[in-house]
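First up is the structure itself, then whatever we jot down about it.
The structure displayed is predicted, hence computed values, not measured ones. Worth knowing before you read on, the calculation uses all heavy atoms, side chains too, and leaves out hydrogens, waters and symmetry mates.
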Amino acid sequence: MATPAELARLIDLHLDDLRDTEPKWCVGHSEVAGRGVFATADIPEGEIIFRERALVVGPTARKGSILNTCVCCHKLLPVKDFLCKRNCTLPVCDVCSDSQVHRGECDWFIRWQPMDLMKDDSSVTVNPMSLRILTAIRVFLLNTNQRALVNAMQANADRGYRQEIIKAAQCFRKFPTTDKTFMDNLFRVVGVLNTNAFEAPCRRGDHDTLVRGLFPLTAIMNHECTPNASHYFDNGTMAVVRAARFIPKGAEITTTYTKILWSNVTRCIFLKMTKGFICDCSRCNDNTENGTYLAALLCREAHCKGLVLPIQTKTLQPDWHCVTCNTIFPHAKMARYQDFALNTINNRINTSSVSDMITFINEMCPKFCPPSNYVLIEAKLNVIWRMSRFNKDEYTEEQKQHRDRYREEILEILKKLGAGDCTLRKLIMEEIQ
């Protein structure tokens with residue numbers, strides 16, 4: 001990896017005209033992960049620290065994605081005849097199909113000879129694995145300094161990444177699997193993307209999609225479960241990083257690699273499985289999480305409805321303890337209850353109307369889940385997002401009152417966590433659209 005000084009030089013070139021004349025941050029050595037971003041002056045709460053364009057952007061190709069989305073401009077395409085007319089098999093609009101932006105990747109895909117696409121009822125099926133590899137291929141088309149910046153970034157060498165490449169290679173007849181230099185570089189790039197890239201919301205007209213973007217400076221910031229900075233994305237191509245609370249000169253500027261309202265156990269599992277470390281911040285060492293009880297479940301003992309919390313912190317399989325009857329529960333048992341709550345609530349989120357969700361949250365959830373549990377908080381957030389985004393005038397005053405109550409409950413949790421003026425708070429208050 002590059003030294004912090006070399007990384008800082010490459011970041012300056014990447015930011016270009018977005019770099020402030022006298023920035024209040026710098027890239028430097030960090031005890032957490034070798035390098036990080038530090039405040040060079042006091043930064044007030046709410047101040048924008050930096051803006052950053054994506055170095056490279058591509059489709060997420062995740063399960064459930066709408067695949068007839070242009071890989072360049074991200075607008076929704078017709079359900080038929082939406083592939084590039086040069087037969088690279090990528091979904092692309094007519095305008096982008098002829099653009100220089102698409103030409104390089106198009107030439108590579110054509111040279112590799114994509115497999116014939118399966119057809120079902122005259123509709124074309126796009127292979128998501130060939131879409132997934134597109135972002136990595138776009139890295140090879142960057143200029144010398146941009147590629148050097150990608151090479152300077154950390155990359156977890158997960159075996160699953162090789163499987164991702166193998167599955168992508170199977171989409172082509174002549175993928176260069178025998179070119180060791182190319183394949184080694186591809187594995188490194190895929191590792192960088194899977195370690196550092198963000199999924200960012202993008203809106204084109206009435207079409208919402210998620211894109212996969214690499215924002216190197218934003219990605220360099222190290223993790224804290226309740227960070228002092230937060231970020232949001234402007235239409236998938238621009239990251240905006242703000243101070244969530246006052247950051248004194250010399251302090252490391254931190255972000256979060258998880259959702260801020262996930263429980264200790266959930267964050268611990270996610271960070272270990274995807275980032276390869278277990279966090280040791282003050283929140284992770286407190287099983288009540290500043291009195292928010294985000295991990296809490298209801299006691300299953302007869303005549304007891306106390307809260308059950310994990311005893312150990314910073315472990316993937318903690319024992320659990322009821323704070324009322326003092327019963328100790330093994331992790332396997334409580335994990336089943338947590339999975340039941342997660343699956344039940346997620347199924348409702350995916351299938352229920354707003355009205356049904358409110359009834360479910362208010363009447364059914366209290367029977368198996370305390371109001372503080374992070375899964376129930378996700379359900380309340382879902383109601384808030386849907387009511388604030390779509391057809392605001394169609395909801396009754398009673399439904400709006402429930403939404404406002406959910407909003408106040410979540411804002412209180414964020415306050416207890418010390419999250420400050422974070423992005424989630426601004427989204428809930430509709431200060432960011």
Measure up the F140 and F182 rings against each other and bin them: parallel (under 30°), tilted (30 to 60°), perpendicular (over 60°). tilted
May I ask you to decide if the ring planes of H223 and Y257 are parallel, tilted or perpendicular, using 30° and 60° as cut-offs? tilted
Is D42 paired with K249 through a side-chain N to carboxylate O contact shorter than 4.0 Å? no
Parallel, tilted or perpendicular: which one describes the rings of F368 and F360, with boundaries at 30° and 60°? tilted
Looking at E289 and R283, is any side-chain nitrogen of the basic one under 4.0 Å from a carboxylate oxygen of the acidic one? yes
Would you say N326 and H321 are linked by a side-chain donor-acceptor pair, where the criterion is simply a distance under 3.5 Å? yes
Taking only residues two or more places apart in sequence, or in another chain, which ones meet T237 in a side chain to side chain contact (heavy atoms under 4.5 Å, CB included)? none
Do N228 and T254 have side-chain N/O donor and acceptor atoms under 3.5 Å apart? yes
So, taking the atom named NZ in K85 and the one named CG in D94, what distance separates them when rounded to the nearest 0.5 Å? 4.5 Å
Return the orientation label for the F215 and F198 ring planes: parallel under 30°, perpendicular over 60°, tilted otherwise. perpendicular
Check side chain to side chain contact (heavy atoms under 4.5 Å, CB included) between P201 and all other residues, then give those that pass, not counting sequence neighbours. L210, F233
Quick check on side chain to side chain contact (heavy atoms under 4.5 Å, CB included): which of E430, K380, E412 does R407 satisfy it with? E430
Between T60 and E199, do the side chains contain a donor N or O and an acceptor N or O under 3.5 Å apart? no
Does V27 offer a backbone N or O that forms a donor-acceptor pair with the side chain of R35 under 3.5 Å? no
About how many Å separate CD1 of I137 and CZ of F109, when rounded to the nearest 0.5 Å? 6.0 Å
What class does the angle between the rings of Y406 and H402 fall in, given that below 30° is parallel, 30 to 60° is tilted and above 60° is perpendicular? parallel
Taking atom CG of L193 and atom CZ of R212, what is their separation to the nearest 0.5 Å? 5.0 Å
With a 4.5 Å cut-off on side-chain heavy atoms, are P227 and I260 touching? yes
Pairing of R405 and E408 as salt bridge, 4.0 angstrom limit: no
